[in-house]
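Below you'll find the structure, written out as structure tokens, and then a few comments.
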Amino acid sequence: MDYSKLADMLFPDVSMTPEDMEKRYPERNLPEGAKVTRIAPSPTGFFHFGGLFPATVAERLAHQSGGVFYLRIEDTDSKREVEGAAEFITKILGYYGLNFDEGVTADGDKGDYGPYTQSQRVDIYHVYAKQLVRDGRAYPVFSTDEELDELKALDKKAEIKSVDWENEAQARREAMLKRREFTMEQVEAELAAGHRFALFAAADGDPEKKIKITDLVKGTLEIPENDEDVVLLKSDGIPTYHFAHAIDDHLMRTTHVIRGEEWLPSLPKHVMLFRYLGFRLPKYMHIAQLMRLDENGNKKKLSKRDMGANLDDYRRMGYSVDAVNEYVMTLLNSNYEEWRMQNPDKSRLEFPFSIKKMSASGCLFDIEKLNDVSKNVISKMTAAQVYDGVTEFAKTEDPDFYETLRADRAYAESILSIGRGGAKPRKDFALWADVKPYMSFFYDKYFTRQDEMPAGKDAADIKSALEKFVETYDENDDQTAWFEKCKDIAEQIGYARETKLYKKEPEKYKGHVGDVAAFIRVAVTGRQNSPDLYEVIKILGKSKTTERIAGQIKLL
Ligand code: GLU
């Protein structure tokens, strides 16, 4: 058959050649060892939390090596597409600090290797489609997409090793070979009738033979050669993932393809296509999917419907960007936590990320661990950083609290400073959402008396202790002087000055100084637990403290 003629018949409008493409997208001029990586999400309006793992690996490898990290939008499956999804993806990834050097941005494409959205690259795919026809590697099939879907379903069925597997595989093979048989006249007639065609690559592999390929995480894999014809273009001319992957990653000069493990079974197809196209194979890293434990303790994929699967939920729930990123790093590199202990104050970006320290099996998602990591991360922040984080969160999630915080930044920061900065900072917050319940009693509009006075204490004693406290309170007292006064009060109402005195001879006292502090705490904060009482009262100020105590006395 005259393949050149066939190519011209199928793609009469394509005049460019692969050489033209090579000129348009030359090798990148980067230092030796610089890696070019990308993420290539489909714009479905949903970004899986697990997607942050390959994205982080890609970002780290590129930026650590002085390379390029870019975003490509894979919108070839228009059925799954959601409007505005590309903007959503750039926004959410930007929110997590995954900054792209190139690719789709909210303000259009950035970089010399675009367009970066696949639907805008159809002309490019057709150049290579035409070349493969010319090379006798690809052939048209004049079927509707529905018919093709049926074929696909048949292929799927054959993959599941049913009893009839041998027969089905044989039937499939025969159907495939039949598809490859056609005459030029038939093609001419189909085209003249205005029928559309899908384009297939004719597989030349022998599944009995294995090819060796190195996955940088999984090691050397032996995979069977591909013997299945691959759909390159659907009948609307739009490429499949396989075809677009080979062309885009070649022309955009990707050095490392980092993607989900679900693509591993397609690798034989990709290896074949790269060979047909005359492209050098990139390095591959297939990242295992994020797992969770089910009710019975078995590992399961964290699926789209599972709680915690939607990356955007973490922002809404109030996790800080730093905590999520820190957690991801902890799971990605086995020596990260050790490094963090030795370098508590360094940015995670200073950690020498290494492919060798990645685990080949799936990471296990554990919300308790995330919360722990998060508490540590927030405990190391300054009060100003916490203020900024919680304010940003409240802006969309709790507008009333947002206004409250904004009304007096200094006041809020002084509250957030309690117990911060020392060798053992408080670890009260895993979430920005934890901040409001923690500090709400500092604001009259949120203040409620949620806890009772300690049980079994005499109301008259409580009242007397509170009155004495108001009488003697002096804003200029330091913590020691302040506590001395509490001890004096304890003594005056028949309580022990020291807890240990009480413990020694409990029959001698009605209680101890700790109880006195508890009376004051409940009266002032409405709770049995609060941050350091001396600091709390200092921040609240004398008049508000007095007012709160008066309110409490009325209730006794
Ligand atoms: N569009 C593919 C996906 O969303 C990308 C896979 C890849 O990174 O090559 O799964």
Side-chain angles (χ1 to χ4, degrees), residues 35-62 67-82 85-90 92-93 98 100 102-104 113-122 124-125 213 215-218 230-232 234 238-274 277 279-290 301-304 309-312 332 355 358 362:
K35 298 180 173 72
V36 179
T37 66
R38 84 300 189 273
I39 65 162
S42 302
T44 58
F46 177 90
F47 197 92
H48 196 292
F49 178 68
L52 209 48
F53 290 73
T56 302
V57 176
E59 188 276 339
R60 285 292 72 217
L61 292 184
V68 176
F69 174 50
Y70 70 88
L71 173 67
R72 181 169 73 226
I73 295 291
E74 302 205 333
D75 60 345
T76 55
D77 188 352
S78 53
K79 279 181 227 121
R80 289 168 63 209
E81 197 176 333
V82 170
E87 288 76 10
F88 164 74
I89 289 170
T90 45
I92 187 155
L93 291 172
L98 291 168
F100 299 102
E102 250 178 42
V104 178
Y113 290 80
Y116 295 90
T117 301
Q118 287 184 330
S119 58
Q120 296 166 21
R121 298 174 62 80
V122 173
I124 301 173
Y125 305 125
I213 169 161
D215 177 286
L216 295 182
V217 195
K218 297 189 177 295
V230 184
V231 184
L232 302 176
K234 292 171 273 183
I238 301 292
T240 55
Y241 167 75
H242 311 298
F243 194 41
H245 152 52
I247 293 170
D248 290 346
D249 281 314
H250 170 71
L251 291 180
M252 295 179 183
R253 309 293 172 182
T254 308
T255 61
H256 290 64
V257 169
I258 298 151
R259 63 184 178 187
E261 195 175 51
E262 67 276 19
W263 292 110
L264 203 52
S266 307
L267 196 53
K269 287 194 179 98
H270 301 160
V271 173
M272 185 188 90
L273 290 181
F274 273 82
L277 290 160
F279 299 158
R280 191 172 60 227
L281 202 63
K283 294 201 161 66
Y284 282 102
M285 288 173 76
H286 290 91
I287 310 284
Q289 284 176 325
L290 199 58
K301 219 171 73 185
L302 185 70
S303 84
K304 201 170 161 174
N310 186 351
L311 178 59
D312 203 32
L332 276 178
I355 298 173
M358 287 177 68

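Just follow the structure's listing: the first ligand is 1, and inside any ligand the first atom is 1. All values reported here derive from a predicted model rather than from experimental measurement. Just the heavy atoms: all of them, side chains too, but no hydrogens, waters or symmetry mates, feed the values below. The residues of the chain are indexed from 1 along the displayed sequence.
Residue-level proximity to ligand 1 for R38 is carried by the side chain, the only part with a heavy atom below 4.0 angstrom.
For the 3.5 Å distance criterion, the side chains of Q118 and E74 qualify, holding a donor opposite an acceptor.
Here the two rings, on F100 and Y70, have centers that are 6.0 Å apart or farther.
For residues 47-60, every residue pair satisfying the side-chain hydrogen bond (donor to acceptor under 3.5 Å, both in side chains) rule, not counting sequence neighbours, is listed here: E59-H63.
Close N/O approach between Y241 and ligand 1 is found [any backbone or side-chain N/O within under 3.5 Å]. Checking only distances, E74 does come within under 3.5 Å of ligand 1, N or O to N or O.
Close contacts between ligand 1 and S42 involve ligand atoms 1 (N), 4 (O) [criterion: under 4.0 Å to a heavy atom].
Within the structure, ligand 1 has A40 among the residues with a heavy atom less than 4.0 angstrom away.
Heavy-atom contacts from other residues, nucleotides or ligands closer than 6.0 Å to NZ of K218 number more than 12.
Looking only at distances, no side-chain donor or acceptor of T254 sits under 3.5 Å from a matching main-chain atom of T37.
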